[in-house]
Every structure is written in structure tokens, then in C-alpha cells.
Amino acid sequence: MPSSPTAARTGSTSTTASGAGRYLLPGIAVLCVALVIASMLVGEYHITIGGLLHGDSEMWRMFFISRVPRTLALIFAGVAMSFSGVIMQRLTQNRFVEPTTAGTAEWAGLGILLCFMYIPGASPLVRMAVATTMAFLGTVVFLAIINRVRARKTAIVPLVGLMLGAVIGAVTTYIAIEGNMLQAVVAWRSGGFAHIVRGFYEPLWAVLVVAVACYLMANYFTIAGLGRDVATSLGLDYGRTVAIGVTMVALASGVTSVVVGFIPFLGLVVPNVVSMLRGDDVRKNLPWIGVFAVVLVVACDLIGRVVVRPMEIPTSVVMGVVGATAFLAIILSRRFRDSL
Amino acid sequence: MFSLIKRAGVAAALVTATVAFTACSTTSSDDASSSADGETVTISTNLGDVTVPKNPTKVVVLDNTAAETVKAFGVTPVAIPKQLFSSDQLADWADDGDIKDVGTHSEPKFDVIEDVEPDLIIGGYRFSKYSDELQKMADASGGAFIDVAASDDAEGGRVAQMSRQTEALGTVFGKEDQAEEIVADFQTKLDAAKSAATGQTVFLANVNGGKIDNGAKRISPLTEPLDVRDVFAGEAGDIHQNSGLTPEAIAQANPEWVIVMDRDAAVATAGETATPAKAVIDAQDAFANTTFKKSNQIIYLDPQFYVREGIQGYGESYQQIAGAMGADK
């Protein structure tokens with residue numbers, strides 16, 4: 001393992017935060033709080049701190065209808081995507097895998113399209129169930145394929161995922177064209193938080209379950225990350241761990257896809273950056289991963305909200321630009337050069 | 001996308017080959033002599049004057065803005081893009097097994113058009129990027145290709161073009177009188193809407209995939225001749241179509257009227273509730289204190305609005321607007 005000044009050694013030295021990490025992580029925590037407050041205060045409707053303090057009922061009403069749900073949705077989506085990324089990276093032993101590079105999100109999308117077509121009047125709960133089922137199926141297919149791939153530590157694994165995702169995406173587009181549903185698919189696929197208000201974000205609370213489960217299961221995922229043989233010899237029921245992990249990923253990405261669409265790169269960039277700073281202890285890293293993901297997703301959303309007011313640029317677009325840059329930086333960094 | 005490019009390429013190659021073998025001399029676009037039987041008329045189109053065979057029998061209608069007029073004239077086409085045409089007003093055509101399906105503008109089946117050897121291809125609008133191919137196909141079969149579509153790029157705007165389009169089609173099919181009636185009827189409805197619209201503020205909404213968005217791109221051609229003010233026009237509003245709009249921004253803009261294009265309904269399966277958009281808008285807590293919600297000033301356009309977009313669809317919408325805004329006085 002090549003060592004660089006900013007990257008702590010993997011595994012055993014996880015508690016030793018490096019110099020940069022010591023200041024960076026508290027800084028990120030402060031930034032997170034600031035961004036969440038900003039997210040509550042930025043928007044088109046006239047809401048001021050003064051007005052809120054004076055108890056302006058109309059301002060408070062809109063605050064709870066629009067700003068609070070949106071901010072919660074951002075937090076939930078950030079946590080869902082980044083935790084899914086962590087789980088998938090451990091299970092595949094590959095750092096470049098997450099729901100949008102493994103095709104999981106595309107499968108969820110296919111589920112939503114089928115839902116649009118065959119049960120158009122479906123409640124969000126039904127849509128979630130269908131999307132989650134398809135995401136589960138997709139993740140299982142992906143894992144089955146990469147189980148046959150020897151080179152776990154290379155870029156081949158995410159490439160397989162991207163290819164699989166592209167195939168499923170193409171199938172989705174084809175069905176959408178045949179059913180004259182392309183517009184609806186495009187509208188839904190552009191992940192954005194613009195339409196998130198009270199009454200439209202509530203399914204995301206399900207993400208909390210995934211987050212808690214992920215935290216409880218964290219040590220198992222860390223062990224699973226050592227590979228099937230090592231994990232089994234350490235007494236881990238590898239098959240069951242994988243099954244639970246896949247279910248959690250499916251639930252998180254299924255719910256997120258239904259409510260806000262795709263958010264690319266989040267699950268890839270955040271866990272990797274936190275691993276660079278703190279090592280690979282999943283349990284200890286999870287809170288930081290959550291905080292960092294919220295910072296990233298809220299920041300991207302705020303940029304999208306401000307630049308073309310009163311319209312918005314979907315968060316996924318901003319995240320695509322930021323995430324792709326970070327992704328390249330990670331790939332080209334010394335830490336991973338050997339493993340490519 | 002690949003298959004589209006490939007198919008277009010194959011189609012173009014086939015057409016080129018056919019033209020080369022059968023009629024080496026045919027280079028001019030409006031070559032009337034090739035349609036030997038009977039007289040021809042010259043009409044003005046969006047691409048200049050074109051000579052077309054009068055009362056053509058094998059007509060391919062690709063432009064949905066012209067379709068209802070062609071139907072009103074009692075003409076049955078040989079091929080249409082079935083998915084693009086209104087499933088209400090043009091259901092007869094879609095259900096007619098003798099009428100071939102051309103696919104859609106995103107995946108057109110040009111071989112179908114070649115097979116029917118059309119006397120006339122009515123293209124343009126959604127198919128405007130294929131004008132060259134369509135011209136070649138028309139040349140190959142000795143027919144004509146016209147683009148009289150009511151598009152926003154047409155001279156004088158979409159609404160002005162609608163009347164010219166109807167008159168041109170009337171000339172082609174020998175239904176001048178009926179065309180005049182359609183235009184007069186449309187003008188009456190437009191005038192009524194004009195006199196009802198007196199400076200109101202509007203939000204042009206598109207409800208798509210359960211999201212409420214700015215639908216100005218599609219609806220503003222409709223409201224353009226009227227004296228209404230789009231609350232999101234200008235500034236960023238007209239540049240960033242379909243990028244996203246928060247319910248709170250709509251509440252802040254507080255328009256007097258909302259004109260809704262129900263994209264979800266247009267693609268909904270037959271037999272479903274007609275206005276999914278109404279359910280989406282009614283569920284919005286953020287709209288509770290807005291003018292349009294309080295006085296119930298929301299106009300839901302025909303669910304098929306976005307696939308009709310012809311003189312009949314616009315006429316009905318003007319009638320609707322005149323009724324709603326006029327009753328308000």
C-alpha cells in the first residue's frame with residue numbers, strides 16, 4: 001500500500017487521524033451545521049430570520065411546508081447514497097462501486113417506469129416497493145456477475161456495473177419511448193429537490209432505518225471487506241451479511257430514486273475521502289461519512305438554487321460536475337494508482 | 001440512439017440509391033412533372049413555394065398540428081406517427097389497421113414512408129430535422145413534400161401560421177370553403193379570449209411525472225397573442241425551461257391565474273382520471289394562500305393539448321380561457 005502524507009494506513013491505524021484530518025473533520029462538522037441553516041433560509045418565498053423570530057405565522061407556515069422538508073430530504077438522501085456506497089464498496093472489495101456505478105439506481109428507475117406504466121395511480125409507497133424490489137434484483141445480478149470476475153481491485157468492477165447500468169438504462173428508455181413515457185422518465189431521472197415539500201418527501205424517513213441498521217452492521221461489513229475466505233474463517237456468515245447489505249442498499253437507493261431521482265457520485269466520493277483521512281474502520285467512519293455527504297449534497301443543492309433564480313438547476317447536475325472531478329482526482333491520486 | 005442513426009443512415013442510403021438509379025435527372029425539389037396524373041397547385045410553405053399534386057390520394061401526415069384539419073377535410077392518410085397523434089381526436093386513425101405507423105420523431109420508421117410511395121408528405125414541426133430525407137423520399141415516389149407546420153419559428157409566430165396552414169391545406173385538398181370556415185371559427189374564439197384577457201398575471205404550468213414545472217415553452221405560444229403577463233417570463237424564467245421550480249417560488253410570485261398543461265394525463269392510459277395534474281396541484285399546501293387557489297382560477301388545458309397544438313386545439317383552449325377569464329368579470 002503506497003503511503004502519502006494525507007492518507008492514513010488502511011485498517012490497523014484507523015484511529016490515528018493525520019494532521020490534515022485533525023482540523024478538517026471538525027471544520028466539516030461546522031460547515032455542515034452552517035449549510036443546513038443556510039438551506040433552511042435560502043429560497044424564493046420571502047422568509048427572514050427577523051420575521052421568524054417575531055412569529056410571523058405565514059412565514060412559519062411556509063417554513064415548515066417547504067424549507068424543513070427539503071432540508072430533511074437532502075440530509076436523508078445524502079446519508080442514503082453515501083451509506084449505500086460504503087456497504088457496496090465493502091461487499092465488492094472495490095472502492096469505485098456505488099449505486100450509480102453498479103447500475104442499482106438504473107434498476108430502481110426501471111421499476112419506477114414499470115410502475116408509471118402499469119399502476120399509474122400507485123401511491124409513493126407502492127412505487128417505493130417496486131423500485132426497491134428492482135434495485136434488489138439489480139444488485140444481486142451485479143454481485144453475481146462480479147463474483148465471476150477475478151480482478152476485484154481494478155476499475156473493471158465499476159466498469160461492469162456501468163455497462164450493466166447502461167443496458168438497463170437503455171431498456172428503460174426503449175420501453176419509455178414505446179409507451180410514450182420518455183418525458184416523464186426524463187423529468188423523474190433528473191434528480192432534484194425542487195418539488196420536495198411537505199407531503200412529498202415523507203418516504204425518505206425509511207432511510208433512517210437503513211442508517212441505523214448500517215451502523216449496527218458496520219463491523220460485519222468491515223470483516224466482509226476482507227474477502228469471503230478471510231471473513232468466513234473469522235466466523236462471519238458471509239452469505240447472510242451480503243444478503244442484508246444488498247437489501248439495505250436496495251432499500252436506500254429505491255426510496256431515494258422514487259423521491260428525488262438519481263444523485264451521482266455521492267456514494268463514491270464521500271466514503272473514499274473519509275477513508276483517506278481516517279482509514280477503513282466502517283463503524284467509526286460512518287458518522288463522518290454522513291456529515292460529509294450532507295455537506296456535499298446541501299452545498300450542491302444551494303448552488304443549484306441560487307444561480308438561475310427563480311428557476312433551479314437540478315442537484316444531480318451540480319453533483320455530476322463536482323462528483324466527476326472528485327472521482328478523477330481520487331483515481332489519479334497516488335493512493336489508488338497501484339490498484340488500477 | 002444508435003439504431004436511430006443507423007436507421008436514418010440506411011434510409012438515406014437507400015433513398016440516394018433509388019434516386020440515382022431511377023431518375024438521375026431529378027434534382028429540383030418541387031418537380032411536378034413526375035406526378036403525371038392530373039393537375040397541380042402551388043402553395044407557399046415554411047420552406048418556400050412548392051408545387052403539389054391536387055387532391056393527392058396517398059398522403060403521409062407527420063405534422064400533428066395539421067392532422068385534425070386533414071381529418072376535418074375527410075382525408076384518410078396512408079401513414080402517420082400513431083403515438084404522436086392525439087388519442088382522443090384522432091383515435092379513428094390510430095385504430096385503423098390500414099393506416100401504417102411511422103413511429104415517432106425520435107425513432108422514425110422511414111421505410112414505412114418509402115413503402116407507401118406517397119403523393120404528398122406533410123412534414124415539419126417535430127419532423128423538421130428530417131426535411132431533407134423526407135424531400136428525397138417524396139422525390140423518389142414522384143410526390144411532394146411540404147412543411148406548413150404551425151411552429152414557433154414560422155413567420156409571424158405560431159398562431160398566425162395556423163390560419164395560413166389551414167388555407168394551404170384547403171387549397172391542396174380542394175376544400176377552400178371549409179378551410180375558411182375553420183379559420184373564421186378560430187378567429188372568433190381567439191377574439192373572445194383576447195377581450196377576456198386584460199392584463200392578468202399567469203403562471204404557465206407543466207405537470208409532468210408528478211412535478212409542477214415551468215411550462216412556458218409549450219404554453220407561451222398560446223398566450224402570446226393575449227394580454228396576460230407570465231410571472232416567470234424574462235430574466236432566468238425563459239432560459240431555464242424544465243430545470244426546476246419550487247412550489248414556494250410559485251406561491252411567492254402569486255399569479256392570478258394558472259394555466260396547466262397536464263403532461264401526465266396526455267400519456268395516461270385511457271379510462272383513468274382525466275386530470276392527474278389537479279391532484280398534484282390540490283395536494284400542494286404551499287398554494288393555500290395564493291390568489292389563484294383562493295379564487296379557484298386554474299385552467300386545465302385539454303389533456304391532449306401538447307399532442308394537438310393545431311388550430312382546433314388552440315381554438316378550444318381560447319374558448320376555455322375566454323370562458324374562465326370572462327366569467328370572472
Side-chain angles (χ1 to χ4, degrees), chain A residues 43-47 58 61-67 69-70 112-113 116-121 124 127 170 173-174 176-200 258-259 261 301 304-305 307-317, chain B residues 1-4 81-85 87 103-107 206-214 216 231-232 235-254 263-269 271-273 276 279-280 282-289 306-307:
Chain A
E44 280 307 299
Y45 199 81
H46 186 68
I47 296 178
E58 192 53 27
R61 198 181 70 85
M62 197 58 89
F63 187 70
F64 284 116
I65 287 174
S66 183
R67 304 288 169 79
R70 182 171 189 152
I112 293 169
L113 174 71
F116 273 151
M117 294 184 72
Y118 296 106
I119 15 178
R127 264 192 236 171
T173 308
Y174 177 76
I177 289 176
E178 289 293 298
N180 204 4
M181 296 289 295
L182 197 57
Q183 301 266 1
V185 168
V186 169
W188 155 81
R189 198 179 269 172
S190 63
F193 292 81
H195 67 292
I196 295 291
V197 285
R198 196 166 71 198
F200 289 79
V258 170
V259 181
D301 186 60
R305 269 192 251 183
V307 287
V308 293
R309 297 171 68 181
M311 305 291 147
E312 296 196 5
I313 298 172
T315 317
S316 59
V317 176
Chain B
M1 204 60 207
F2 261 131
S3 67
L4 168 66
K82 292 197 172 181
Q83 278 192 41
L84 284 184
F85 284 6
S87 54
T104 67
H105 54 300
S106 38
E107 191 109 2
N206 175 22
V207 179
N208 184 15
K211 298 179 184 178
I212 303 169
D213 218 325
N214 184 17
V231 285
F232 291 120
E235 305 278 327
D238 47 4
I239 308 165
H240 289 273
Q241 305 276 2
N242 310 323
S243 51
L245 188 61
T246 50
E248 68 172 76
I250 300 163
Q252 179 68 45
N254 196 17
R263 183 65 180 76
D264 285 348
V267 294
T269 331
E272 267 183 90
T273 31
V280 175
D282 286 349
Q284 282 292 347
D285 291 341
F287 295 164
N289 291 334
Y306 119 99
V307 279

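In the text below, chain A, chain B and the rest are named by the order of the sequence lines, each starting its count at 1.
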Value rounded to 0.5 Å, distance of NE2 in His195(A) from OG1 in Thr246(B): 12.0 Å

Exercise: identify the closest heavy-atom pair between Arg61(A) and Asp285(B): NH1-O, 3.3 Å

Taking every non-hydrogen atom, the tightest pair across Gln83(B) and Ile177(A): OE1-O, 3.1 Å

Over all atoms of both residues, closest heavy-atom pair of Pro247(B) and Ala194(A): CD-O, 3.3 Å

Non-hydrogen side-chain atoms of Ile65(A) and Glu248(B) separated by less than 4.5 Å: no

Shortest non-hydrogen separation from Met62(A) to Ala251(B) and the atoms involved: CE-CB, 3.6 Å

Atom group of Arg305(A) that falls short of 4.5 Å from chain B, counting heavy atoms: neither

Main-chain N/O of His46(A) paired to Gln252(B) side chain as donor or acceptor, under 3.5 Å: yes

Option in Ala283(B), Ala249(B), Ala286(B) with maximal non-hydrogen atom pairs under 4.5 Å from chain A: Ala286(B)

